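Proteins come first, then strands; the chains are lettered A, B, ... in the order of their sequence lines, and each starts at number 1. Here the structure is a predicted model, which means the values were calculated and not measured.
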Amino acid sequence: MPELPEVEVVRRGLERWVTGRSVASADVLHPRAVRRHLAGGEDFARRLTGLRFAAPLRRGKYLWLPVDDAPFAVLAHLGMSGQLLVQPGEAPDEKHLRVRLRFADELGTELRFVDQRTFGGLSLHDTGPDGLPDVIAHIARDPLDPLFDEDAFHQALRRRRTTVKRALLDQSLISGVGNIYADEALWRSRLHYDRPTATLTRPRSAELLTHIRAVMTAALDVGGTSFDSLYVNVNGESGYFDRSLDAYGREGEPCRRCGTPIRRRPWMNRSSYFCPRCQRPPRATG
DNA sequence: CCTAGAACCTGCGAGC
DNA sequence: TGCTCGCAGGTTCTAG
């Protein structure tokens with residue numbers, strides 16, 4: 001389940017293994033993987049051929065490969081199960097291989113987009129003056145972006161008539177946070193997921209943001225140790241998930257602060273994990 | 001404009 | 001053994 005830290009690990013891998021390489025050919029093996037490329041898979045493959053990639057960039061869960069000296073970029077989103085792999089050309093195709101890019105050099109490796117559930121995909125888009133692909137102009141800066149506007153974030157929370165976890169997952173307010181890191185940050189902040197955002201004081205929202213950054217940085221430190229290899233890989237199964245989660249996936253296990261069993265609640269067609277003692281639900285208001 | 005909820009997709013494991 | 005069903009959840013679209 002790639003969220004910001006996992007996508008950043010992939011970006012670093014691409015930076016090392018793909019920057020500066022030119023595309024010799026592109027194969028689209030599943031049309032759904034390029035559905036955001038509205039002109040279709042054939043157009044995608046034809047336009048990519050011959051392009052040379054600059055260093056990859058990321059905002060939230062999106063990453064993109066800008067094209068050298070041209071105002072467009074190959075945009076990637078991993079969805080739920082997407083992977084970008086740099087593989088030897090002779091490696092057997094993965095079961096869920098969706099797109100293959102071969103390069104015009106002698107390194108012998110190719111870039112593969114593999115995605116079991118095809119929520120993710122690749123597409124080619126124009127980039128604006130800021131270098132951002134046009135279709136993600138609505139995605140907010142993420143909490144690790146030096147230009148993230150903390151004051152604007154707080155004001156937006158105060159203005160919204162919604163609850164705090166909904167707000168954290170709203171990529172137009174803050175990007176890169178998914179279900180896992182939302183639950184982790186709320187646990188660290190002792191906030192219940194149904195707390196109305198309008199009730200958050202400035203110190204509380206600042207504390208929440210600090211915890212979001214801390215949990216993401218911790219995950220990045222773990223996941224980031226594996227990027228220095230031939231294979232650019234992401235699958236959400238980094239060591240961080242085995243050892244370090246405090247709330248997510250821990251139903252029935254003791255809260256690491258107070259020992260109360262962690263609870264799971266159905267929430268928005270998914271789950272929220274929380275400590276019923278540390279994270280008290282808000283009082284119902286009329 | 002704002003917010004809530006459904007749809008998209010496939011593999012896996014539990015239960016019968 | 002083999003079937004059904006719930007679950008995983010980021011993004012986009014639609015309804016209200």
Which angle, rounded to 10°, do you find between the first-five-pair axis and the last-five-pair axis of the helix from B/dC2-C/dG16 to B/dC16-C/dG2?
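The two end axes of the helix from B/dC2-C/dG16 to B/dC16-C/dG2 meet at 50°.
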With a 4.0 Å cut-off, would you call A/Asp183 and A/Lys165 a salt bridge?
yes
Is it true that A/Glu42 and A/Arg46 make a salt bridge, defined as a side-chain N closer than 4.0 Å to a carboxylate O?
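Looking at A/Arg46 together with A/Glu42, the answer is no, because their closest N to O distance does not fall below 4.0 Å.
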Listed once per pair and sorted, the salt bridge (Lys or Arg N to Asp or Glu O under 4.0 Å) pairs that draw on residues 49-66 of chain A, sequence neighbours left out
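Listed by first then second residue: A/Glu8-A/Arg58, A/Arg52-A/Asp68, A/Arg58-A/Asp142.
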Rounding to a whole Å, what distance do you find between [X]:[atom1] and [N]:[atom2]?
| X | N | atom1 | atom2 | result |
| --- | --- | --- | --- | --- |
| A/Ile139 | C/dT11 | CD1 | P | 6 Å |
| A/Glu251 | C/dC7 | CD | P | 11 Å |
| A/Met80 | C/dA8 | CE | P | 10 Å |
| A/Trp267 | C/dA8 | CH2 | C1' | 15 Å |
| A/Leu78 | C/dT11 | CG | C1' | 13 Å |
| A/Glu6 | C/dA8 | CD | P | 18 Å |
| A/Leu173 | C/dG10 | CG | C1' | 15 Å |
| A/Leu75 | C/dT11 | CG | P | 11 Å |

First encountered from the 5' end of DNA chain C, between A/Gln171 and A/Tyr273
A/Tyr273
Whether [X] contacts [N] is assessed here as follows: a side-chain N or O lying under 4.0 Å from the phosphate OP1 or OP2. Is that the case?
| X | N | value |
| --- | --- | --- |
| A/Thr162 | B/dC2 | no |
| A/Arg159 | B/dT3 | no |
| A/Arg161 | B/dC2 | no |

Considering residues at least two apart in sequence or located in another chain, which fulfil the side chain to side chain contact (heavy atoms under 4.5 Å, CB included) criterion with A/Arg280?
A/Arg277
Side-chain heavy atoms under 4.5 Å apart, restricted to Ile/Leu/Val/Met/Phe/Trp/Tyr: what other residues fall into the cluster of A/Ile136, or is it alone?
A/Leu57, A/Tyr62, A/Trp64, A/Leu75, A/Leu132, A/Val135, A/Ile139
Which residues end up grouped with A/Leu107 if you chain together Ile, Leu, Val, Met, Phe, Trp and Tyr wherever their side-chain heavy atoms are less than 4.5 Å apart?
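Same cluster as A/Leu107: nobody, lone residue.
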With sequence neighbours excluded, tell me which residues meet ring pair (Phe, Tyr, Trp, His ring centres under 6.0 Å) with A/Phe274.
A/His192, A/Tyr193
Contacts of type ring pair (Phe, Tyr, Trp, His ring centres under 6.0 Å), residue A/Phe103, not counting sequence neighbours:
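Per chain and number, A/Phe103 pairs via ring pair (Phe, Tyr, Trp, His ring centres under 6.0 Å) with no residue.
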A/Arg160 side-chain proximity, nearest of B/dT3, C/dT12, C/dG10:
B/dT3
Could you tell me which residues satisfy salt bridge (charged side-chain N to carboxylate O under 4.0 Å, His left out) with A/Asp151, sequence neighbours excluded, listed by chain and number?
A/Arg202
Can you tabulate the close N/O pairs, meaning under 3.5 Å, that link protein atoms to atoms of nucleotides 6-15 of chain B?
unit_1 : atom_1 : unit_2   : atom_2 : d
B/dG11 : O4'    : A/Gln116 : OE1    : 3.1

